[in-house]
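Step one of this worksheet: look at the structure below.
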Amino acid sequence: MKNTTAVIDIGSNTIRLVLYEYDPEKGMKEIENIKTVARLKSYLDDDQNLTDEGIEILEEALLAFNEIIDFHKIRDIRAAATAAVRQAKNSDEIVKKMKEKTGISIKILTEEEEAFFGFLAVIHSTPVMSAVTIDIGGGSTEVTYYEHKQLQHSHSFPFGAVSLKKDFMSGEQMTKSERKKLIKFIRDSFLSLDWLSDKKVPIVAIGGSARNIAQIHQQSVNYPIASVHQYWMNENDLKEVNDELVNMTKDDLEKLDGLSSDRTDIIAPASQVFCELYDIVDAKGFMFSRKGLRDGIVFRELMKKYAAPLDKEKVFLSSMNELAFDYAIEKSEADHMISLATELYSHLGALGELNESEKGLQLLKRAAFLYYLGEYIDSDSSSQHTFYIIANRSIDGVLHKDRIALALAASFKSKSMFQQFLEPFDGWFSDEELHEIRLIGSLIKLAYSLNGSKRNLINQIEMRKKGEKIYLSLFAEGRTLAEEYQANKQKKHLEKTLKTSLVLDFIPIKQEA
């Protein structure tokens with residue numbers, strides 16, 4: 001049974017409505033995402049009250065969102081307000097008025113809740129086991145530190161991209177003296193936390209400012225695949241983007257590919273925050289997570305309703321389950337593929353034909369499960385569709401480089417096609433890595449042909465080497481006409497990779513009378 005939830009995120013810079021659908025078998029899926037730029041933080045007066053104009057902007061946004069929620073017939077509505085409303089002295093009045101005018105009950109998140117929900121989203125959607133997270137909003141910045149996906153520390157600072165711009169930029173472009181003052185303020189703020197320095201872990205950044213930093217860098221390097229979720233940047237990448245942003249004029253920023261028009265005036269101070277945090281943490285990389293506060297709210301609610309709805313230790317498996325549903329992967333066939341491919345891999349390792357590794361085995365199992373999922377679109381061009389889908393789809397729990405390796409292995413058709421798919425990713429892989437990916441792809445292709453009739457007939461494989469040839473005994477329950485034809489036709493790809501000959505012997509298992 002599907003569970004649909006509407007989450008309204010009332011931030012200091014934007015107000016956003018996201019609709020989520022959760023199916024216990026399929027997992028969670030975002031089905032709608034709508035935002036409006038409100039800049040509520042800028043409507044706090046000198047007494048820290050949200051002005052009538054700010055309240056009216058909030059009301060109009062909620063009424064518009066109500067129409068969308070009603071259209072989808074959603075009853076489960078979660079409205080959460082962060083820094084701008086939390087810091088407003090008239091927050092109780094705001095909540096009461098919105099309930100009267102729109103019917104929506106707003107929960108004002110505490111600083112601790114805001115940080116926790118961001119952390120919850122990160123551990124359920126990325127493969128990073130230990131990290132510092134940061135979420136820069138318009139009026140607050142949340143940082144957490146977790147080890148082995150267990151929260152250790154969290155803190156919320158009362159500054160964000162909008163407030164930093166207001167306090168440290170007198171004009172449209174940051175001056176050198178303003179930047180110097182901003183850096184000192186940021187560093188002093190971060191250094192006030194005794195648990196943050198020298199952690200030597202990656203930084204996982206959440207929110208619109210981080211998304212824009214990732215998009216800007218992707219555009220600058222002509223990044224060959226879609227999606228920014230789990231996009232990885234090193235220290236030089238981050239600092240080069242930052243130096244570019246703080247030295248740009250307003251006109252230059254408005255023309256910059258990857259930068260949203262509503263963030264041109266606040267991206268420079270936000271970028272500087274990321275750089276200072278990187279230095280203080282002595283970080284091992286900077287990664288953007290598309291999943292954040294809103295997702296964390298839904299995860300927490302699902303945990304109350306279902307037994308372990310999303311396993312933080314098995315993030316990628318949840319993504320594979322979703323792919324299986326979206327592209328009609330038959331689980332019994334996929335499991336049989338994994339079994340055949342794993343057995344072939346193990347036998348070849350025992351014979352010394354390949355170097356077994358935990359990483360190689362993981363790639364093999366994942367690629368075997370997803371092999372030729374593009375058949376769902378068109379069987380004649382399944383290889384092309386398989387590669388494109390996996391390479392460009394945002395898949396939780398796997399970094400971009402590993403996603404391309406998975407796409408190459410799961411779409412393997414021939415050496416020439418492999419090289420064609422690889423062309424935009426020049427320099428991504430070493431020769432040794434490419435040899436392993438191609439070997440795994442050709443091995444899976446043979447396993448795929450060993451189930452040519454889709455009846456899971458082969459249930460045991462024996463392998464031995466004699467001279468320059470490898471002999472495979474394939475024990476089957478039933479007539480293997482389709483399997484014999486396909487396997488003898490496709491074995492050449494593995495033979496070329498191994499530089500040896502394969503001799504296949506299909507042996508029927510006698511059925512008891």
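Every value quoted in this text rests on a predicted model; they were computed, and no experiment measured them.
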Just checking, is any N or O donor in the side chain of [X] or [Y] under 3.5 Å from an acceptor N or O on the other one?
X	Y	answer
Glu477	Asn459	yes
Asp237	His217	yes
Gln152	Gln150	no
Glu375	Ser379	no
Ser209	Asn212	no
Asn247	Glu244	no
Gln362	Glu358	no
Gln384	Ser411	no
Glu147	Tyr145	yes
Thr144	Thr133	yes
Ser318	Asn321	no
Glu142	Ser156	yes
Asn3	Tyr20	no

Are the side chains of [Y] and [X] in contact, using a 4.5 Å heavy-atom criterion?
X	Y	value
Leu193	Phe157	yes
Leu19	Asn33	no
Ile31	Val18	no
Leu293	Ile206	no
Leu472	Asp505	no
Val128	Val122	no
Met129	Ile123	no
Leu373	His385	no

Can you tell me how far apart [atom1] ([X]) and [atom2] ([Y]) are? Round to the nearest 0.5 Å.
X	Y	atom1	atom2	result
Glu356	Leu364	CD	CG	10.0 Å
Ser449	Ile458	OG	CD1	9.5 Å
Tyr231	Ile225	OH	CD1	9.0 Å
Leu450	Thr480	CG	OG1	9.5 Å
Ile507	Ser473	CD1	OG	4.0 Å
Met337	Ser332	CE	OG	12.5 Å

Minimum-distance pair of heavy atoms, taken over all atoms of [X] and [Y]:
X	Y	value
Leu340	Ala447	CD1-O, 3.7 Å
Phe288	Ala205	CD1-O, 3.3 Å
Ala268	Asn242	O-OD1, 4.1 Å
Thr500	Glu468	OG1-O, 2.6 Å
Ser442	Thr497	OG-OG1, 3.6 Å
Ser130	His148	OG-N, 2.9 Å

Does [X] have more than 12 heavy atoms from other residues, nucleotides or ligands lying within 6.0 Å of its [atom1]?
X	atom1	value
Leu481	CG	no
Tyr471	OH	yes
Tyr376	OH	no
Lys401	NZ	yes
Arg479	CZ	no
Tyr485	OH	no
Asp426	CG	no

Take Ser289 and Arg211 through the test side chain to side chain donor-acceptor pair (under 3.5 Å) and record every step on the way to the result. CA-CA 8 Å; Ser289 170; Arg211 178 189 297 108; over 6 Å; no

Cationic N near anionic O, under 4.0 Å, [X] to [Y]:
X	Y	answer
Arg179	Asp243	yes
Arg16	Asp9	no
Lys465	Glu353	yes
Glu30	Arg290	yes
Arg366	Asp402	no

Lys29 NZ/CZ over Tyr22 ring centroid, <6.0 Å and within 45° of normal: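 No, a cation-pi geometry is absent between Lys29 and Tyr22.
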
Cation-pi, Phe412 ring and Arg438 (6.0 angstrom, 45 degrees):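 Here Arg438 fails the 6.0 Å and 45° test against Phe412.
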
Using the salt bridge (Lys or Arg N to Asp or Glu O under 4.0 Å) rule, take Glu322 and Arg393 through it: C-alpha gap first, then chi angles, then the decisive distance, then the call. CA-CA 12 Å; Glu322 185 178 333; Arg393 178 169 173 141; 3.1 Å; yes

Before giving the answer on salt bridge (Lys or Arg N to Asp or Glu O under 4.0 Å), spell out for Lys314 and Asp396 the whole-Å C-alpha distance, their side-chain angles and the decisive distance to 0.1 Å. CA-CA 10 Å; Lys314 299 177 181 177; Asp396 289 347; over 6 Å; no

Is it true that Phe421 and Phe387 have ring centroids separated by less than 6.0 Å? yes

Within the 6.0 Å centroid threshold, strictly below: Tyr278 and Phe286: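 Aromatic pair excluded; centres sit 6.0 Å or further apart.
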
Under 3.5 Å donor-acceptor, [X] side chain and [Y] backbone:
X	Y	answer
Thr386	Ser382	yes
Asn451	Asn456	yes
Asp252	Met248	no
Ser260	Asp262	no
His435	Asp431	no

Ile395 and its side chain to side chain contact (heavy atoms under 4.5 Å, CB included) partner, picked from Leu399, Asn392, Val398: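 By the side chain to side chain contact (heavy atoms under 4.5 Å, CB included) criterion, Ile395 pairs with just one of Leu399, Asn392, Val398: Val398.
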
Applying ring-ring contact (aromatic ring centres under 6.0 Å, His included) to His400 and Tyr223, what does each step give before you reach the verdict? CA-CA 11 Å; His400 289 199; Tyr223 201 62; 5.7 Å; yes

